[in-house]
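Just follow the structure's listing: the first ligand is 1, and inside any ligand the first atom is 1.
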Amino acid sequence: MLEQKRILATSIPGPKSQALQQRKLAAVSAGVGTGLPVYIEQAAGGILRDVDGNQLIDFGSGIAVTTVGNGNQRVIDAVTKQINDFTHTCFMVTPYEEYLEVAEVLAEVTPGTHEKRSALFNSGSEAVENAVKVARHFTGRQGVVAFDHAYHGRTNLTMGLTAKNMPYKHRFGPFASEIYRVPMAYPYRWPTGPENCADEAFAEFVDLVHSQVGEDNTAAVILEPIQGEGGFIVPAPGFMKKVSDWCTEQGILFIADEVQTGFCRTGDWFASDHEDVVPDLITTAKGIAGGMPLAALTGRADVMDAIHVGGLGGTYGGNPVACASALAAIETMKVDDLAGRARAVEALFRPRLEALADKYDVIGEIRGRGAMLAVELVSDLQHKTPDADLTGRINKACHAAGLVTLTCGTFGNVFRFLPPLSAGDDLLSEGLDILEDAFVQSV
Ligand SMILES: *Cc1c(COP(=O)(O)O)cnc(C)c1O
């Protein structure tokens, strides 16, 4: 295992990474961006080592994927064993037990004690696509309601569900029809103040669905329990529950997109747990499999079993190596109580972020839950003017000092933290020291 220590051997990116980046420009589409072009050759725990011998502290987990830690030993052992046994048969041709085990454990850990069924896929987008397919088929309705600031993926249907134009949708239309957008209960930016946010946003939601779609035409409402790419927006408390209860009354399926929030990231198994919401359908991916590509759609047995045989699937969906990896990752979450660890990470981060907010009047809000935390940066606390420039400068300063950080948000002004849950307190504290220095240099 790599020593859990930051090392700056060269400037960042170093010469070897720079040379690789030149090759990238000549071989990889410009459309595929790289936030921090250091090329990684090894990773363990909370450390990424690049080709120049730099060791960077990981505050991103490859976008909430390596929740169980980079190079988790259980994952390595399970994947190695599975590769030696077999790598693929296609579950739709000749099945295997690992797929069943993943479906069984999904039924166990996802919200609600009702009968559930799952189907496995390769990416979060694909899970969301299938959630919409299933909801339309089951309800016989077509409309799908998504929220402002939502992110649900980059395939055609999920681009349509995603809110933000640049970079996700720009000139990639036309998008799928029968998608309707409603305001998000975004407490920090709610016009009449956070205390009114849940009730007013819910009233607007009901009004818009009623007047512009019609309840009887609405198959599903899809919501991220904490919005990810859109800015780590935590819906006003109670909002998600009101929406999901109302959907139940109207025969509309409530889909929780937990692709980013799921699997202990927010200090519970799922972020829906925190709001006491039991979704009809839940999509998962990212943290599910310790870095292997796997996604799932899990839902009410009556809904999931309404689909005709052969209606769901895909060549690679639930690949045995990815399944073995998921079983090892989920085992780690249970045995090592990673939900508890996520809460401990929040307890470590929050006071440090609050101290920063006291010192610099650019932090409009600190928000998130567990090990999914963010600060929203503004140039003016009163008018809440988003400061994407400053966010970018702080991000660059962190990168230069060997801390892998990510930004997000509709306005590009949210700085987010998604550390691996196996990173030790010392490493996380050192990362926070770097962040503090980045504020000193950048504000
Ligand atoms: C990342 C993400 C997706 C898309 O997942 P991919 O695996 O990138 O297709 C969908 N929904 C949410 C909430 C996400 O964070």
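- Under 4.0 Å from ligand 1, not a single heavy atom of Ala285 appears.
- Under a cutoff of 6.0 Å and an axis angle of 45°, Lys384 and Tyr188 form a cation-pi pair.
- The closest protein non-hydrogen atom to atom 9 (O) of ligand 1 is Ser125 OG, 2.6 Å.
- Applying the side-chain hydrogen bond (donor to acceptor under 3.5 Å, both in side chains) rule to pairs touching residues 139-148 yields nothing, sequence neighbours excluded.
- In this structure, Lys286 has a heavy atom closer than 4.0 Å to ligand 1.
- Aromatic ring centres of Phe91 and Tyr96: separated by under 6.0 Å.
- For residues 389-410, no residue pair satisfies the ring pair (Phe, Tyr, Trp, His ring centres under 6.0 Å) rule, not counting sequence neighbours.
- Neither the backbone nor the side chain of Glu126 has any atom closer than 4.0 Å to an atom of ligand 1 (non-hydrogen atoms only).
- Under a 4.0 angstrom heavy-atom cut-off, Gly228 registers as lying outside contact with ligand 1.
- Here the heavy atom of the protein found nearest to atom 11 (N) of ligand 1 is Asp257 OD2, 2.7 Å.
- Among all protein heavy atoms, the one lying closest to atom 6 (P) of ligand 1 is Gly124 N, 3.4 Å.
- Each of the atoms 7 (O), 9 (O) of ligand 1 lies under 4.0 Å from some heavy atom of Ser123.
- Under a 4.0 Å N-O distance rule, the pair Arg416/Glu229 qualifies as a salt bridge.
- Considering backbone and side-chain N/O of Gln260, one or more are found under 3.5 Å from N/O of ligand 1.
- Ligand 1 has no N or O atom lying under 3.5 Å from any N or O atom of Glu224, backbone or side chain.
- Put simply, the side chain of Val278 does not reach to within 4.5 Å of the side chain of Phe254, judged on heavy atoms.
- A salt bridge links Lys241 to Asp245: one of the charged nitrogens lies within less than 4.0 Å of a carboxylate oxygen.
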